[in-house]
Amino acid sequence: MSDNGGVDVLLVEDDDAIASSLATGLTSAGMSVRRVSNGTDAVAAKVPDIYLLDVGLPDFDGFEVCRRIRQLHQTPIIMLTARNEEIDRVFGLEIGADDYVTKPFGLRELIARIRAVSRRLTNSETIHSAAITVGGLALDADARRATLDGVSLDLTAKEFDLLLYLASQPGIVHRRNDIMEAVWETNWYGPTKTLDAHVAAIRKKLGNAKWIEAIRSVGFRLEAPQ
Ligand code: CA
């Protein structure tokens, strides 16, 4: 939930007219709305309370966005689709969407769906369980527990934070300064030897250095070893 207690909505919609009218409507219903217009930005955006995800996007379609988000976390997703075929609905739910609304839809209907999905997930408490898995690695952000192939990893607090940060976007190269800012919560312009030491320690605990690849003079990338 956002600071004012409203639902924090990430609207993923490439059509400016639809996006702006939806944003206005949802805002007046007490929700806070951020908007992106393509799939890449949707996956990279700060995680909201709920995603409203258009299917027809310029880079890759909403189903693919849904699939990628689901690899990272279980935040509720409502698909906004112009396609009315039953096959899409089934497919959408199969890949992990929580609900879908077919265009054209009324604002009132959409708000009701958002509230229903938020309520359902709050009740089952899954909205707070931020579990991330990459290959055999599983991280529970709330319990601050990490396991590899089901075996508990004994990590320090900073090692856990660093691993969580890298694992939240597997395959993506993270710049050293970005990692320092995110994990050590500081603007960092000095040497980043601390970071190397932590990476070395984590690699050792994971038992395979290939988990975290160093990209020379850029940063690090986490991926399950082949
Ligand atoms: Ca569209």
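One-based numbering, in listed order, for ligands and for the atoms of each.
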Legend entry - D15 near the Ca ion (ligand 1): N/O/S under 3.0 Å: no
Inset, instruction - Please examine the side chains of F105 and R113, heavy atoms only from C-beta on, and report whether any two atoms are closer than 4.5 Å. - result: no
Inset, instruction - Find, among atoms of D14 that are N, O or S, the one nearest to the Ca ion (ligand 1), and state its name. - result: OD1
Legend entry - Backbone or side-chain N/O/S of L57 under 3.0 Å of the Ca ion (ligand 1): no
Inset, instruction - Check whether NZ of the Lys or CZ of the Arg R67 lies under 6.0 Å from the centre of the six-membered ring of F60 and within 45 degrees of that ring's axis. - result: no
Inset, instruction - For the pair R203 and D196, find out whether any cationic side-chain nitrogen is under 4.0 Å from an anionic carboxylate oxygen. - result: no
Inset, instruction - Give a yes or no on whether a salt bridge exists between D8 and R34, defined as a side-chain N under 4.0 angstrom from a carboxylate O. - result: yes
Inset, instruction - Kindly report the OD2-the Ca ion (ligand 1)-O angle for D54 and G56 respectively, rounded to 10°. - result: 80°
